Amino acid sequence: MTSEKDRVWIFDTTLRDGEQSPGATMSHAEKLEIAGLLDEMGVDIIEAGFPIASEGDFAAVSEISKNAVNSTICGLARANFKDIDRCFEAVRHAKSPRIHTFIGTSPLHRAIPNLTMDEMADKIHDTVTHARNLCENVQWSPMDATRTEWDYLCRVVEIAIKAGAGTINIPDTVGYTAPAESADLIRRLIETVPGADEVIFATHCHNDLGMATANSLAAVAGGARQIECTINGLGERAGNTALEEVVMAMKTRHDIMPWHTGIDTSKIMHISRRVATVSGFAVQFNKAIVGKNAFAHESGIHQDGMLKNRENFEIMRPEDIGLAGTSLPLGKHSGRAALRDKLETLGFEIGDNQLKDVFVRFKDLADRKKEVFDDDLIALMGVDDGEDARLKLVSLRVACGTGGPAEATLVMAINGEEKTSVESGDGPVDASFRAIRALYPNTAHLELYQVHAVTEGTDAQATVSVRLEEDGNIATGQSADTDTVVASALAYIHALNRLIQRREKIGAGADAREVSYKDLT
């Protein structure tokens with residue numbers, strides 16, 4: 001038996017707080033795709049973005065609002081009328097819109113706008129009232145709540161409730177608190193603040209001390225009934241509470257955590273992979289729930305125990321999160337029907353035209369590998385620049401020798417015109433990147449270069465992530481190939497294409513990602 005008082009609402013902020021991770025910026029199409037997957041998975045509230053931050057953010061939130069089927073669509077707004085008006089304009093088309101407005105209430109954060117306690121209290125009353133006059137569903141957050149004086153926190157929470165906020169979110173903005181404190185804080189607020197029993201309390205935890213999941217679950221034990229989280233724990237600094245962790249913790253340990261959500265957990269693995277791909281943030285192998293090794297067993301004792309009874313060493317079934325129990329490889333003789341079936345098993349919905357394109361790339365990969373495994377196909381379905389990409393790799397040949405520099409001969413199409421460059425460098429990847437810069441001069445700084453093997457063996461595909469920064473804009477590119485150098489060049493070109501697209505959309509000197517932290521206050 002389940003009851004409404006034990007229902008925990010899942011508020012996903014992958015597209016807002018998650019996207020604020022340096023380098024995790026998603027394209028418009030990618031945001032719509034991820035929002036659709038969250039909606040299908042049963043996420044209750046999707047925080048789709050920060051509408052005032054940029055025209056791109058506004059357009060994404062607006063489009064997501066129009067397309068959402070089940071989820072409430074939420075936008076973030078600072079404590080001023082302009083932000084709130086812009087936010088409502090973006091979410092107003094949703095079947096269920098929400099305005100989420102916030103202000104920093106701790107002594108450190110009050111000092112940023114230089115407001116007294118009384119001035120800030122008045123500002124909270126006025127802005128929440130304004131938001132409530134526009135939208136029935138209003139959420140309010142005292143940023144850095146866990147470092148705010150107790151009496152003042154109670155005071156401003158009461159003001160927000162009286163002004164019309166139906167959800168009060170208590171953020172641990174800098175990941176400072178501990179589980180016992182998290183539970184106690186929520187419990188005391190509910191017991192102390194007038195009207196607290198008529199609203200939903202939410203928890204928003206960061207993972208700076210590695211306690212985000214524990215703090216969120218402790219807050220629920222204290223009476224919170226909404227958890228703010230992200231896919232894969234994506235987020236600023238050390239990240240946010242991971243959706244998959246809190247949801248599976250409640251499902252697996254329902255005996256001691258008797259709460260339930262509306263999440264279809266069988267869709268977790270697919271959306272985890274897609275977020276990792278579009279953000280360029282690979283999931284660490286030992287990551288709880290969705291890591292590559294989460295259901296892997298190498299120890300002889302463990303393998304023997306697994307063969308006798310899976311429950312010896314697995315507390316969850318792989319199928320519960322949408323992970324196929326087996327990984328049966330395809331080969332060069334496999335046909336379109338087998339490929340489509342395997343991709344659908346892995347969670348990809350694929351149309352006929354897309355299948356034709358993927359099948360060509362699959363055959364090319366199968367000619368170079370004896371067996372194409374599930375992870376190979378997932379990499380194959382990764383980021384694609386598309387037909388309208390300004391830069392495209394045509395061919396790459398690298399010559400290396402011991403004791404001397406590497407030489408890369410690269411042919412790249414720039415706006416459809418093929419150009420060739422020959423450059424030397426300290427190794428094949430450096431030479432390839434120099435050749436790309438010779439053909440397309442740019443000032444982008446390489447912030448991250450990361451390689452990991454998709455599967456095992458000398459013929460394994462390498463997935464390469466590249467993060468570039470140029471004039472305050474950050475873009476991530478990702479690609480996979482059996483040749484690590486080719487994968488590197490493709491990832492570098494993909495990141496450049498994203499920077500080009502951003503420049504074209506926002507014009508010279510504008511920032512596509514986010515308003516500055518100073519502007520946030």
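For clarity, every value in this text was computed on a predicted model and none was experimentally measured.
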Exercise for the section: Look only at the side chain of S465 and the backbone of Q478, and say whether a donor-acceptor pair between them is shorter than 3.5 Å. Expected result: no
Exercise for the section: Check whether any side-chain heavy atom of F359 sits under 4.5 Å from a side-chain heavy atom of R340, and report yes or no. Expected result: no
Practice task
Salt-bridge test for D357 and R361: reply yes if a basic N is under 4.0 Å from a carboxylate O, no otherwise.
Solution key: yes
Exercise for the section: Begin from the C-alpha positions of L32 and H28 and carry the test side chain to side chain contact (heavy atoms under 4.5 Å, CB included) through to its verdict. Expected result: CA-CA 6 Å; L32 297 186; H28 183 81; 3.7 Å; yes
Practice task
Run the salt-bridge test on R16 and D57 with the 4.0 Å N-O cut-off and return the result as yes or no.
Solution key: no
Handout entry: Nearest heavy atoms of N232 and A276, plus distance in Å
Key = ND2-N, 3.9 Å
Completion exercise
On a heavy-atom basis, the closest approach of N473 and L499 is O-CD2, 4.0 Å
Handout entry: Residues E55, R86: salt bridge by 4.0 Å N-O rule
Key = yes
Practice task
Please report the C-alpha distance between Q139 and E228 in whole Å, then the side-chain angles of each, then the deciding distance to 0.1 Å, and finally whether the side-chain hydrogen bond (donor to acceptor under 3.5 Å, both in side chains) criterion is met.
Solution key: CA-CA 12 Å; Q139 173 173 317; E228 301 203 356; 2.6 Å; yes
Fill in the blank from the handout: Interatomic distance, CG@D85 vs CG@L134, rounded to 0.5 Å, equals 5.5 Å
Fill in the blank from the handout: In short, T173 meets H206 closest at the heavy-atom pair O-CD2, 3.3 Å
Practice task
Would you confirm whether D39, through its side chain, and V69, through its main-chain N or O, come within 3.5 Å as a donor-acceptor pair?
Solution key: yes
Problem - salt bridge (charged side-chain N to carboxylate O under 4.0 Å, His left out) partners of D144, counting only residues at least two apart - result: R147
Exercise for the section: Answer whether the closest heavy-atom distance between the side chains of R336 and F362 falls below 4.5 Å. Expected result: no
Exercise for the section: Taking all non-hydrogen atoms of both residues into account, name the closest pair between R78 and I84 and its distance. Expected result: O-CG1, 3.9 Å
Practice task
Ignoring hydrogens and angles, tell me if any N or O in the side chain of R225 forms a donor-acceptor pair with the backbone of V220 under 3.5 Å.
Solution key: yes
Exercise for the section: Spell out, as yes or no, whether a donor-acceptor pair under 3.5 Å connects the side chain of H204 to the backbone of D172. Expected result: no
Problem - V464 side chain reached by S479 side chain, heavy atoms, under 4.5 Å - result: no
Practice task
Specify the closest pair of heavy atoms between E470 and A444, including all atoms of both residues, with the distance to one decimal.
Solution key: OE2-N, 3.8 Å
Practice task
Measure up the H452 and F285 rings against each other and bin them: parallel (under 30°), tilted (30 to 60°), perpendicular (over 60°).
Solution key: perpendicular
Handout entry: T127 side chain to A79 backbone, donor-acceptor under 3.5 Å
Key = no
Practice task
Can you spot which of L15, V91, L76 makes a side-chain contact (heavy atoms from CB on, under 4.5 Å) with V61?
Solution key: V91
Practice task
Begin with the C-alpha distance, continue with both residues' side-chain angles, and end with the deciding distance and a verdict on side chain to side chain contact (heavy atoms under 4.5 Å, CB included) for V283 and R273.
Solution key: CA-CA 8 Å; V283 177; R273 289 163 170 164; over 6 Å; no
Practice task
Indicate yes or no for a side-chain donor-acceptor contact from T148 to the backbone of S106 under 3.5 Å, with no hydrogens or angles considered.
Solution key: yes
Handout entry: I170 to P142 - nearest heavy-atom pair and separation
Key = CD1-CG, 4.1 Å
Problem - Within-4.5 Å side-chain heavy-atom neighbours: I263 and K251 - result: no
